[in-house]
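I have placed the structure first, in the form of structure tokens, so that the comments after it can refer back to it.
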Amino acid sequence: ASTAATSVSISGDIASQLHGGYSHPLARAWQAERQLTKSMLIYPLFVSDNPDDETLIPSLPGQYRRGVNKLVPYLTPLVRKGLKSVILFGVPLAPGSKDALGTNADDPKGPVMSSIRLLRRSFPSLFIVADVCLCEYTTHGHCGILRDDGGLNNALSVDRVSDVAMAYAEAGAHCVAPSDMNDGRIRAIKLKLIEAGIAHKVVLMSYAAKFSGCLYGPFRDAAGSCPSFGDRKCYQLPPGGRGLARRAIQRDINEGADIIMVKPASQYLDIISDAKDIGQNLPVAAYQVSGEFAMIHAGAKAGVFDLKAMAFEATEGILRAGATIVVSYFTPQFLDWLSN
Ligand code: PBG
Ligand code: ZN
């Protein structure tokens, strides 16, 4: 036994000494497998059919519903700051613009298809994702075509959703992202993309593991897509369904998805980690949804934590779980926060 004064600290297990490894801010950053960068972020945009619209969405702090005429002025400074990608959601507001089949989802003059063309022209390096769903365009607010008993008609829904995806891809979307959760839509979209000869230049991002729950409220306010009856439990996953999520992720990979997404994000970090495990050879995206964003704002407003610190902590947790792409309403702020 040594008698030197220093023996106490060095006689133990040397692996117990961790502090030195993360004492410097840079060394702390190096502890992360994946560090947040601007290119990981996709910013959601709500585009309405009223060209000059610029309406604040009260339940989604700082987010607006915008008409096509407002997009370029709004996005120009963001692109200059390093915005790489947006995901478009159409919001038909005009009376009579919704029907049982969601006919206006692929209206060539509608907000989504006009903004795809406009953004491709105006921002050649911006990556355009088009969310594909019917709920914004159906009178009943569900994500497909219904049977007489109110349940989803899966075959008709897949047919329609894949036609809408094709229309967005033909209009120039770099990526189509079906969020409807009808069984078999990834395969149907992939086959139509192949048939049209554009499968080689369109990314197919599946909302593979999308859970039903109460975190989508502000989005439905923004998009006007709240179901007029019932809920989405027969097509969105039950929150406890980890095995079911694994099956959905595997299925969508088998059907030809290029990216798989998990949604919501922070409440489902184990699912993100499963997605990374199952989908080792493809990118995993996570959608930090409207309710998560609103909660962080509410917590900051109540003095529970600092907004920026929490936005980083939540997003870094999502990356740690396995995502390398994050759909985030914080994107404009991150462009500022990440610039030095
Ligand atoms: C449905 C859809 C939802 C979101 C985007 N597309 C969920 C839903 O309404 O069930 C939610 C996104 C968010 O909350 O930010 N097609
Ligand atoms: Zn939907």
Side-chain angles (χ1 to χ4, degrees), residues 42 44-49 65 86-93 97-107 110-113 115-116 128-146 151-169 171 173 175-190 192-193 202-213 215-228 230-237 248 252 255 257 259-264 285 287 289-290 327:
I42 303 177
L45 290 178
F46 299 99
V47 189
S48 86
D49 57 1
R65 206 162 43 217
V86 295
I87 180 167
L88 305 175
F89 295 94
V91 189
L93 298 171
S97 57
K98 303 192 186 205
D99 63 21
L101 304 176
T103 302
N104 277 336
D106 49 0
D107 174 2
V112 171
M113 294 183 61
S115 40
I116 291 170
I128 315 295
V129 184
D131 179 271
V132 179
C133 201
L134 302 183
C135 56
E136 296 95 338
Y137 305 93
T138 52
T139 33
H140 47 69
H142 283 285
C143 303
I145 296 172
L146 301 185
L152 275 179
N153 183 324
N154 196 80
L156 287 184
S157 300
V158 164
D159 234 39
R160 177 83 188 110
V161 163
S162 50
D163 280 347
V164 174
M166 278 310 297
Y168 295 170
C175 173
V176 289
S179 61
D180 58 295
M181 296 292 283
N182 286 288
D183 283 329
R185 84 263 197 236
I186 299 303
R187 182 183 143 80
I189 295 170
K190 197 67 166 193
K192 285 185 185 177
L193 289 169
V202 180
V203 176
L204 177 49
M205 176 160 72
S206 173
Y207 286 71
K210 174 171 168 185
F211 290 85
S212 117
L215 287 166
Y216 304 142
F219 172 91
R220 292 179 191 171
D221 290 345
S225 62
C226 200
S228 64
D231 53 41
R232 301 207 203 287
K233 286 183 181 153
C234 53
Y235 47 99
Q236 298 181 354
L237 308 181
D252 286 0
E255 288 189 13
I259 300 175
I260 45 177
M261 192 202 286
V262 175
K263 168 189 175 183
Y287 196 143
V289 299
S290 58
V327 183

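Any value given below was found using the heavy atoms of this structure, including those in side chains, with hydrogens, waters and symmetry copies removed. What you see is a predicted model; the values in this text were computed from it and never measured.
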Inset, instruction - Test side chain to side chain contact (heavy atoms under 4.5 Å, CB included) on Tyr207 and Gln236 and set out the steps. - result: CA-CA 10 Å; Tyr207 286 71; Gln236 298 181 354; over 6 Å; no
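- Here Leu204 contributes atom CG and Cys175 contributes atom SG; the two are 7.5 Å apart, rounded to the nearest 0.5 Å.
- Among Ile87, Leu88, Val129, Val289, the one residue that satisfies the side chain to side chain contact (heavy atoms under 4.5 Å, CB included) test with Pro44 is Ile87.
- Considering OG1 of Thr138 and CG of Asn104, their distance stands at 11.5 Å, rounded to 0.5 Å.
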Inset, instruction - Show the numbers, then the answer: is there a side chain to side chain contact (heavy atoms under 4.5 Å, CB included) between Tyr216 and Lys263? - result: CA-CA 10 Å; Tyr216 304 142; Lys263 168 189 175 183; 3.6 Å; yes
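- Rounded to the nearest 0.5 angstrom, Tyr168 OH and Ile189 CD1 are separated by 11.0 Å.
- Within the 4.5 Å cutoff, the side chain of Leu152 has heavy atoms near those of the Leu146 side chain.
- Between the side chain of Asp49 and the backbone N or O of Leu93, at least one donor-acceptor pair lies under 3.5 Å.
- With contacts defined as side-chain heavy-atom distances shorter than 4.5 Å, the pair Met113/Asp107 does not qualify.
- By the 4.5 Å heavy-atom criterion applied to side chains, Leu237 and Met181 are counted as neighbours.
- Side chain of Ser225 to main chain of Glu136: no donor-acceptor pair is present (N/O by atom type, distance under 3.5 Å, no hydrogens or angles).
- Counting non-hydrogen atoms of other residues, nucleotides and ligands closer than 6.0 Å to CZ of Arg220 gives a total above 12.
- Considering all non-hydrogen atoms of both residues, Ala169 and Leu193 come closest at CB-CD2, 3.9 Å.
- Counted by atom type alone, Ser179 and Asp131 present one or more donor-acceptor pairs between their side chains at under 3.5 Å.
- Side chains of Met205 and Val176 form no contact here, defined as non-hydrogen atoms less than 4.5 Å apart.
- The shortest side-chain heavy-atom distance between Ser206 and Arg185 falls under the 4.5 Å cut-off.
- Met261 and Val327 make their closest contact through CE-CG2, 4.1 Å (heavy atoms, listed as atom of the first residue, atom of the second, distance).
- Asp252 places no side-chain N or O within donor-acceptor distance of the main-chain N or O of Ala257, the cut-off being under 3.5 Å.
- Residue Val91 comes nearest to Arg65 through the heavy atom pair CG1-CD, 3.7 Å, listed as atom of the first residue, atom of the second, then distance.
- For the pair His142 (side chain) and Pro227 (backbone), a donor-acceptor distance under 3.5 Å is absent.
- A heavy-atom distance below 4.5 Å is found between the side chains of Leu134 and Val161.
- Looking at every heavy atom in both residues, Ile116 comes nearest to Ala130 through CD1-CB, 4.2 Å.
- The two residues Ser157 and Asn153 make their nearest non-hydrogen contact at OG-O, 2.7 Å.
- Evaluation of the side chain to side chain donor-acceptor pair (under 3.5 Å) rule for Asp159 yields no partner, not counting sequence neighbours.
- A donor-acceptor contact shorter than 3.5 Å is absent between the side chain of Arg160 and the backbone of Ile145.
- Not counting sequence neighbours, the partners of Arg232 by the side chain to side chain donor-acceptor pair (under 3.5 Å) test are Tyr235.
- Classification of the Phe219-Phe89 ring pair by plane angle, with boundaries at 30° and 60°, yields perpendicular.
- Atom CG of Asn182 sits about 8.0 Å away from atom SG of Cys133, to the nearest 0.5 Å.
- Considering only heavy atoms from C-beta on, Ser48 stays 4.5 Å or farther from Pro111 through its side chain.
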